[in-house]
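What follows is a set of notes on a single structure, which appears directly below.
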Amino acid sequence: MEVRADYLVLGSGIAGLSFALKAAEHGRVLVVTKKERAESNTNYAQGGIAAVLSPDDSFELHVEDTLKAGAGLCHREAVELVVREGPRMVRELMEWGVEFTKRKMGDREELALGREGGHSRDRIVHASDLTGREIERALLERVKEHGNIEVYENHIAIDLITEHHVFGVKGVPKDSITCWGAYVLDTNSGLVKKLLAKVVLLATGGTGRVYLHTTNPKIATGDGIAMVYRAGGKVGNLEFMQFHPTALYRPDADPDEPAFLISEAVRGYGGILVNKKGETFMEKYHPMGSLAPRDVVARAIDQEIKRSGEPCVYLDVTHKDPDETRAHFPNIYSRCLDVGIDMTEEPIPVVPAAHYMCGGVVTDLWGRTSIKNLYATGEVALTGVHGANRLASNSLLEALVFSDRAFRNSLARARDPDNFPEVPDWSEENVFNAEEWVLLSHDREEIRRLMWDYVGIVRSNYRLQRALRRIRLIAKEVEEFYRRTKVTIDLIELRNLTQVAELIIRCALARKESRGLHYNTDYPEPNPRYQRDTILQKRP
Ligand code: FAD
Ligand code: SIN
């Protein structure tokens, strides 16, 4: 089955939906999303969106905070344009119907601004502690009303359609690959469809599920990065996986479920990290204490846990007014209460968990990838904004700004007449072998554990090399199995997870220094020779 449109959007988080709403004013848009439409990292965002909105703040300060957190790898131009667009993006969301939390100032109301780690001013616009859910709700409502947008739920993109599929391996040009769409599996019917479009936006989000403990929901399997790498496009900086310092610790946690996040906004509100004895420890590591940038806090907690032999540290807000705490964080309060913790009376047990991929598909300042007609925005992209460590609440903003720029840049192309080549149908003569699948399902857990143990917060050459050897064996098994087996969502995701894990390890091995989120005990200091992005591209 073949469907043609002006725009194909892969992903229904903030990056995909904000692009789709603008593109739909100019052409027909298909939005493909692999589970139910709201299921995305966006839906789980708590803290909010960083934007300069108060008189004591400035673009320069937000830019400086971002560059400082990014540890020398941010691209200043990308940071400046994202920061300057902040107020406009917040206004646009409000016009789409997003209801942010307000506060009374005399007889007028204004947006309530929170504080998070690494920010020198209060600038986090939020919707209580459920910002992402409110954004998804409003965007999906607008999408539903729009006659030009068709949403394909329970459809997973398998691969991008490029010359490789049209002309065979020998027909792949060395330099300028072109994308005409994607092969997409309808997970309900098992049918693989060809969706063709003049402009393709990759907005498939993050890769947290590569790690055993993560705040990310099940969709975050790095599909976009794996698809672009397989197609011959550029990806990079994958060594910079951000570990959020404070996920709720549960001794009986099921790693298949996302770890519940205790938002950094709780520390912005006055929460203090303490050990089991109630002693603060962050001052030993950074002058900003509990509000130091994430990489510093996550490593400090890792060290405290290893030193003490305790399974977690604690986040203490018991010194704050209980009514105020409940009013600020109703969702966090009730989720903690569900597991028997009253955060107004006792400290919350917390541990770090994989949270955000700072690297991704390489793009320019218009969201263009190295593949023609293919744009990438949101968490899947490497735009240069986050460098070696993302500043809290800069990702929703980055997604909005780059989706806006990608939309504007792609308008001319979408108005061109379509000139799709003859794309062959998906061919599959393979037979599903259930017995082998049982064996392979263990690979997913093995990869996640391997990445957690060997490619986690603190790394070493020995551990990275060991992880690479093991992942290559798994990759070989998975690829052989993929060739012989009918595609299913589990198999597509396993193949992508394996691919992305290997790419993360290769990026980590290439960076012979410690910088931002990447800490290698064999090179404990930053090295000016490596003050550049790590880029990987498959040889043609
Ligand atoms: P997502 O929102 O993850 O959307 C990806 C979409 O792609 C999904 O619809 C998914 O189903 C779809 N998809 C993936 N692969 C395929 C495929 N192969 N085929 C079809 N569809 C596919 N950032 C902030 O700035 N502020 C915060 O307060 C904040 N809090 C966070 C809290 C949590 C718990 C988490 C996990 C993240 C948080 N982040 C926050 C990060 C932020 O939420 C994400 O970076 C951002 O939402 C990513 O948006 P996105 O549109 O790029 O991807
Ligand atoms: C949080 O609320 O702590 C998450 C913010 C972010 O990841 O930017």
Side-chain angles (χ1 to χ4, degrees), residues 8-19 31-51 114 116-119 124-127 129-133 135-136 139-140 151-160 182-185 187 195 201-209 214-227 242 244-247 258-268 294 329 332 353-358 360 376-381 386 390-400 402-403 489 492-493 496:
L8 171 62
V9 176
L10 303 176
S12 60
I14 191 168
L17 295 180
S18 62
F19 177 96
V31 175
V32 169
T33 187
K34 66 179 173 180
K35 296 266 166 76
E36 180 266 321
R37 63 188 68 197
E39 191 55 358
S40 57
N41 276 9
T42 301
N43 207 33
Y44 289 70
Q46 292 185 357
I49 303 181
E116 286 180 357
H119 287 276
I124 315 299
V125 182
H126 53 278
D129 56 354
L130 286 167
T131 307
R133 192 182 297 178
I135 293 173
E136 269 302 292
L139 295 186
L140 283 172
V151 181
Y152 287 63
E153 283 183 313
N154 302 308
H155 280 67
I156 178 168
I158 308 170
D159 264 320
L160 300 169
Y183 286 112
V184 171
L185 170 72
T187 59
L195 304 189
L201 176 75
L202 193 66
T204 47
T207 61
R209 303 300 292 189
T214 178
T215 60
N216 290 190
K218 291 179 189 171
I219 53 98
T221 51
D223 299 359
I225 294 172
M227 284 192 281
Q242 183 168 72
H244 197 293
T246 57
F260 181 70
L261 185 73
I262 308 297
S263 173
E264 203 152 295
V266 176
R267 277 175 285 139
R294 264 183 209 173
F329 305 108
I332 296 175
H355 182 63
Y356 182 87
M357 173 45 82
C358 294
T377 58
E379 191 166 340
V380 71
H386 308 307
R390 176 182 63 106
L391 184 67
S393 286
N394 264 356
S395 48
L396 294 172
L397 175 63
E398 183 214 29
L400 288 167
F402 273 84
S403 285
I489 182 166
I492 295 164
E493 288 186 342
N496 292 333

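Just so you know, ligand 1 is whichever comes first in the structure, and atom 1 is the first atom listed for that ligand. For the numbers below, each heavy atom of this structure counts, side chains included, while hydrogens, waters and symmetry mates do not.
Taking both residues in full, the closest heavy atoms of Ser263 and Gly47 are given as OG-CA, 3.7 Å, listed atom of the first, atom of the second, then distance. Contact between Val184 and His155 at its shortest, heavy atoms only, is CG1-CB, 3.5 Å.
Residue Gly378 approaches ligand 1 through these ligand atoms, each under 4.0 Å from one of its heavy atoms: 52 (O). Atoms of ligand 1 lying under 4.0 Å from any heavy atom of Ala15, numbered from 1 in the order shown and given with element: 51 (O), 52 (O). Shown in contact with Tyr356 at under 4.0 Å from a heavy atom are these atoms of ligand 1, numbered in order with element: 45 (O). Applying the 4.0 Å criterion to heavy atoms of Asn216 picks out, from ligand 1, the atoms 36 (C). The contact set between ligand 1 and Gly47, taken as ligand atoms under 4.0 Å from a residue heavy atom, comprises 28 (O).
Thr221 and Lys34 form a side-chain donor-acceptor contact under 3.5 Å, judged by distance and modelled atom types alone. Judged by distance alone, the side chains of Tyr44 and Glu39 do bring a donor and an acceptor atom under 3.5 Å apart. No side-chain donor-acceptor contact under 3.5 Å links Thr33 and Glu153. Remark: the Arg209 side chain and the Thr214 side chain contain no N/O donor-acceptor pair separated by less than 3.5 Å.
For atom 19 (N) of ligand 1, the nearest non-hydrogen atom of the protein is Ala157 N, 2.8 Å. Summary of contacts: the protein heavy atom closest to atom 8 (C) of ligand 1 is Glu39 O, 3.6 Å. Among protein heavy atoms, atom 26 (N) of ligand 1 sits closest to Gly48 O, 2.7 Å. The protein heavy atom nearest to atom 1 (P) of ligand 1 is Asn41 N, 3.6 Å. Protein heavy atom in closest approach to atom 33 (C) of ligand 1: His355 CE1, 3.4 Å. Residue, atom and distance of the protein heavy atom nearest to atom 23 (N) of ligand 1 are Ser395 OG, 2.7 Å. The shortest contact between atom 7 (O) of ligand 1 and any protein heavy atom is with Gly11 CA, 3.2 Å. Of the protein's non-hydrogen atoms, Gly205 CA, 3.3 Å is the one closest to atom 53 (O) of ligand 1.
Ionic pairing of Glu264 and Arg267 is present here: one or more N-O contacts between side-chain nitrogen and carboxylate oxygen are shorter than 4.0 angstrom.
Between Tyr152 and Val31 there is no side-chain heavy-atom pair separated by less than 4.5 Å. Residues Thr131 and Gln46 have side chains not in contact (no heavy-atom distance under 4.5 Å, counting atoms from C-beta outward).
Summarising the contacts of atom 14 (C) of ligand 1 with Thr204, Ile489, Ile225, the nearest heavy atom is found in Thr204. With distances taken over non-hydrogen atoms, the option nearest atom 48 (C) of ligand 1 out of Lys35, Glu379, His126 is Glu379. Of the listed residues (Thr42, Ile158, Leu400), the one carrying the non-hydrogen atom nearest atom 47 (O) of ligand 1 is Thr42. Residue nearest to atom 29 (C) of ligand 1, selected from Ala45, Ala354, Gly222: Ala45 (by heavy-atom distance).
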- side-chain contact (heavy atoms from CB on, under 4.5 Å) between His386 and Leu391, worked out: CA-CA 7 Å; His386 308 307; Leu391 184 67; over 6 Å; no
- Candidate pair Leu10 and Leu201, rule side-chain contact (heavy atoms from CB on, under 4.5 Å), full reasoning: CA-CA 6 Å; Leu10 303 176; Leu201 176 75; over 6 Å; no
- Message: Before you tell me yes or no, could you show the steps for Arg294 and His244 under side-chain contact (heavy atoms from CB on, under 4.5 Å), namely the whole-Å CA-CA distance, both residues' side-chain angles and the distance that decides it to 0.1 Å?
- Response: CA-CA 7 Å; Arg294 264 183 209 173; His244 197 293; 3.7 Å; yes
- Message: Could you walk me through whether Glu398 and Leu400 satisfy the side-chain contact (heavy atoms from CB on, under 4.5 Å) test, starting with their C-alpha distance in whole Å, then the side-chain angles of each, then the deciding distance to 0.1 Å, before giving a yes or no?
- Response: CA-CA 5 Å; Glu398 183 214 29; Leu400 288 167; over 6 Å; no
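For ligand 2, the protein residues placed under 4.0 Å by at least one non-hydrogen atom are Gln46, Gly47, Glu116, His244, Leu261, Ser263, Glu264, Arg294, His355, Arg390, Ala392, Ser393.
Between Ser12 and ligand 1, an N or O atom pair is found at a separation short of 3.5 Å. Looking at ligand 1, you won't find any N or O of Ala399 less than 3.5 Å from one of its N or O atoms. Annotation: Leu396 places an N or O atom under 3.5 Å from an N or O atom of ligand 1; distance criterion only.
Taking 4.0 Å as the cut-off, Thr33 counts as a neighbour of ligand 1 on heavy-atom distance. The closest approach between any non-hydrogen atom of Arg390 and ligand 1 is below 4.0 Å. Using a 4.0 angstrom heavy-atom cutoff, Val32 counts as in contact with ligand 1.
If you run side chain to side chain contact (heavy atoms under 4.5 Å, CB included) between Ile135 and each of Asn43, Ile49, Leu130, only Ile49 comes through.
Taken from OG1 in Thr215 to OH in Tyr356, the straight-line distance is 12.0 Å, to the nearest 0.5 Å. Atom NZ of Lys35 is separated from atom OG of Ser12 by 12.0 Å, given to the nearest 0.5 angstrom. Going from atom CG of Asn41 over to atom NE2 of His355 covers 8.0 Å, rounded to the nearest 0.5 Å.
Under 4.0 Å from ligand 1, not a single heavy atom of Glu398 appears. The part of Ala203 lying near ligand 1 is the backbone, judged by heavy-atom distances below 4.0 Å. Only the side chain of Asp223 comes within 4.0 Å of ligand 1, counting heavy atoms alone; its backbone N, CA, C and O stay farther away. At a 4.0 Å heavy-atom cut-off, ligand 1 touches Gln46 through the backbone alone.
Side-chain atoms of Thr187 come within 3.5 Å of backbone atoms of Asn154 as a donor-acceptor pair (strictly under, hydrogens ignored). A donor-acceptor distance shorter than 3.5 angstrom exists from the side chain of Thr204 to the backbone of Gly224, with no hydrogens or angles considered.
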